[in-house]
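Only a predicted model underlies this, so the values are computations on that prediction, with no experimental measurement involved. One-based numbering along the sequence shown. Start at 1 and go down the list; that is how both ligands and their atoms are numbered.
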Amino acid sequence: MIPLQFNVSLKPYNTLAVDVEAKIFCAVSTVDELQQVLQSHRNESLLILGGGSNLVLTSNFDGLVVHNRICGVDVLEETEASVLLQVGAGENWDDLVVACVGRGWFGLENLSWIPGSVGAAPIQNIGAYGVELKDVLVQVETVQLSDLSRHVFTREQCRFDYRDSVFKREQKGRQVIVAVRLRLSKAPRLKLDYGEIRKNAEHWGYDCTNMTPVDVREIIIRTRSEKLPDPAHLPNVGSFFKNPVVSRAQFEKIRSTDPDVVAYQQEDGVKLAAGWLVDQMGFKGKRLGQAKVHDRQALVLVNEGSDSKDVMVLAHQIQKSVRDRWGVELEIEPSIV
Ligand code: EPU
């Protein structure tokens, strides 16, 4: 029997440090345990918690919260060129990155220092500095909630997109991710051409023609920490909004009044830097009750309270202000529960 706990504070389990309670709480370390607990609580609402780093809890959870601690990192296949890894969903993402860069494997270094668990990574296709999880992911293994059967989603079936996957759409709330398979390269595959990375690397004395994944990790962490607050000190969920994609016509209209708008051409339109939009509206460093816009990155909201009310009010103010000024809709990126 898996030990259950009742009326448990979820504060230690979410990086926004929201202090709400779960009616029932348990931790599972194997797929069997997960299936058992799901079988015996079929009628409860369910919340699967990984690292809780992309989650805004807005009230007590009147159901079952399962903390996924299904761990393990196994090398399934190793050739001269690459390794194939099987990783339990409950592993901490950045511990995995540390282990892989330490062995000289390339692929995860640009995704250094992202909070959260391995199992949460495919849901939003985590990305940073020109790399997304989809670039290394081979498959995702799940337990399907309707019948507790095990399934495999190939990379194509995951339908990855910018901060998006099938697990946020058609399969939302239908699958529990229990493992992922990743292919990493043993030969250098450096991606340094995003934003300020190469410039920072040179400035900090690295030789960009000859870098190990550990070097890249150091540069990424240094770059990230200049802007992004550490959730251990300033509770946050990373970017609170997605970078919106607008039509070319809408972009041209915005550029005619705001020639400095930061934008990236996409196949289906133009992606705008949400941080820039929010910053332009004067929100950087702005406080509302116990919520605050981070003073070095306008895309990050910091929570100083024990609930998420002020954070949500501030988020809605930001959305309204960007909508009123440019007609652009900012989509909230973390899950609201
Ligand atoms: N900008 C401002 N003011 C700000 C913030 C940004 O003017 O307060 C401008 C910057 O000058 C820059 C542009 O906006 O020209 C883009 O900013 P940045 O490079 O900081 O990246 P981002 O688009 O804000 C995205 C991801 C981050 C990821 C970084 C690096 C999203 C929503 N966010 O941020 O991901 O770490 O790129 O790749 O796509 C996350 O998903 O939680 C996250 C942190």
Side-chain angles (χ1 to χ4, degrees), residues 14-16 50-56 93-94 97 108-117 120-135 160-165 168 191-200 216-217 219-231 234-246 254-255 258-266 270-286 292-303 311 314-315 318-319 321-322 326 328-335:
N14 72 99
T15 62
L16 208 54
S53 59
N54 201 42
L55 177 68
V56 181
W93 174 261
D94 200 49
V97 178
L108 302 186
E109 55 283 0
N110 289 41
L111 302 175
S112 286
W113 225 40
I114 297 181
S117 66
I123 300 176
Q124 53 154 335
N125 181 26
I126 58 169
Y129 305 103
V131 175
E132 289 182 334
L133 180 70
K134 73 167 167 51
D135 303 335
F160 289 121
D161 203 343
Y162 164 62
R163 294 295 187 280
D164 198 23
S165 75
K168 278 178 108 174
K191 298 223 173 111
L192 303 174
D193 289 317
Y194 182 97
E196 67 269 61
I197 295 302
R198 186 179 293 276
K199 201 180 80 207
N200 284 352
V216 179
R217 175 176 168 82
I219 294 157
I220 297 289
I221 290 179
R222 230 167 131 177
T223 304
R224 277 183 81 93
S225 58
E226 284 184 351
K227 282 191 194 163
L228 293 170
D230 180 353
L234 297 172
N236 75 86
V237 287
S239 299
F240 209 87
F241 304 101
K242 285 170 73 166
N243 289 329
V245 177
V246 299
I254 294 169
R255 195 165 60 167
D258 296 275
D260 300 336
V261 60
V262 180
Y264 319 91
Q265 297 294 326
Q266 309 281 297
V270 181
K271 190 189 270 181
L272 306 178
W276 187 89
L277 300 173
V278 178
D279 197 358
Q280 288 296 300
M281 295 313 297
F283 279 100
K284 205 185 246 176
K286 190 178 164 183
K292 196 181 162 197
V293 180
H294 187 49
D295 31 29
R296 278 178 285 152
Q297 165 59 284
L299 210 44
V300 175
L301 304 190
V302 173
N303 188 23
V311 169
L314 182 55
I318 291 172
Q319 285 176 311
S321 137
V322 168
W326 292 288
V328 172
E329 212 44 59
L330 286 184
E331 188 187 332
I332 291 181
E333 203 272 322
S335 311

Shortest protein contact, atom 18 (P) of ligand 1 (heavy atom only): K227 NZ, 3.7 Å

Atoms of ligand 1, numbered as shown, that sit under 4.0 Å from any heavy atom of G238: 42 (O)

Spatial distance of atom CD (Q124) from atom CG (L133) [nearest 0.5 Å]: 10.0 Å

Atom 11 (O) of ligand 1: the protein heavy-atom neighbour that sits closest, reported with distance to 0.1 Å: V262 CG2, 5.0 Å

Exam field: side chain K168 to backbone R163, donor-acceptor pair closer than 3.5 Å: yes

Nearest-contact summary for atom 29 (C) of ligand 1 - protein heavy atom, Å: Y194 OH, 4.3 Å

Which of the ligand 1 atoms, numbered from 1, are nearer than 4.0 Å to a heavy atom of F241: 32 (C)

Side-chain donor or acceptor of Q319 paired with backbone N/O of L330 under 3.5 Å: yes

Distance-only N or O hit between ligand 1 and Y129, under 3.5 Å: yes

Main-chain N/O of A120 paired to N54 side chain as donor or acceptor, under 3.5 Å: no

Derivation and outcome, side chain to side chain contact (heavy atoms under 4.5 Å, CB included), residues Y264 and V270: CA-CA 6 Å; Y264 319 91; V270 181; over 6 Å; no

Minimum non-hydrogen distance to atom 8 (O) of ligand 1, winning option of P334, A263, A298: A298

Closest protein heavy atom (residue, atom, distance) for atom 7 (O) of ligand 1: W276 CD1, 3.4 Å

Element-labelled atoms of ligand 1 that are located less than 4.0 Å from some non-hydrogen atom of D279: 2 (C), 3 (N), 4 (C), 7 (O), 8 (O)

Parallel, tilted or perpendicular, as decided by the 30° and 60° cut-offs, for the rings of W276 and W326: tilted

Atoms of ligand 1, numbered as shown, that sit under 4.0 Å from any heavy atom of L299: 24 (O), 32 (C)

Part of Y162 within contact of ligand 1 (heavy atoms, under 4.0 Å): side chain

Closest protein heavy atom (residue, atom, distance) for atom 5 (C) of ligand 1: Q297 OE1, 2.8 Å

Distance in Å, E331 CD paired with E333 CD, rounded so as to fall on 0.5 Å steps: 8.5 Å

Protein heavy atom at shortest distance from atom 23 (O) of ligand 1: N243 ND2, 3.0 Å

Donor-acceptor contact below 3.5 Å, side chain W93 vs main chain L111: yes

Sidechain-backbone polar pair: N125 side chain, S165 backbone, donor-acceptor under 3.5 Å: no

Side-chain (N303) to main-chain (P235) donor-acceptor, under 3.5 angstrom: no

A128-ligand 1 polar pair, N/O distance under 3.5 Å: no

Ligand 1 contacted by R163 (non-hydrogen, < 4.0 Å): yes

For atom 44 (C) of ligand 1, closest protein heavy-atom neighbour: S239 OG, 3.2 Å

R224 near ligand 1 by a heavy-atom separation under 4.0 Å: yes

Ligand 1 contacted by F240 (non-hydrogen, < 4.0 Å): no

Donor-acceptor under 3.5 Å (N200 side chain, T223 main chain): no

Mode of A273 contact toward ligand 1 - side chain, backbone, both, neither (heavy atoms, under 4.0 Å): side chain

Backbone of A298 reached by a side-chain donor or acceptor of D279 within 3.5 Å: no

Side-chain donor or acceptor of R255 paired with backbone N/O of V261 under 3.5 Å: no

Region of F283 engaging ligand 1 - heavy atom pairs below 4.0 Å: neither

Spatial distance of atom CD (E196) from atom NZ (K227) [nearest 0.5 Å]: 4.5 Å

Nearest protein heavy atom with distance in Å, relative to atom 16 (C) of ligand 1: Y264 OH, 3.4 Å

Numbered atoms and elements of ligand 1 in range of K284, under 4.0 angstrom, heavy atoms: 3 (N), 4 (C), 8 (O)

Contact (N/O only, under 3.5 Å) between K242 and ligand 1: no

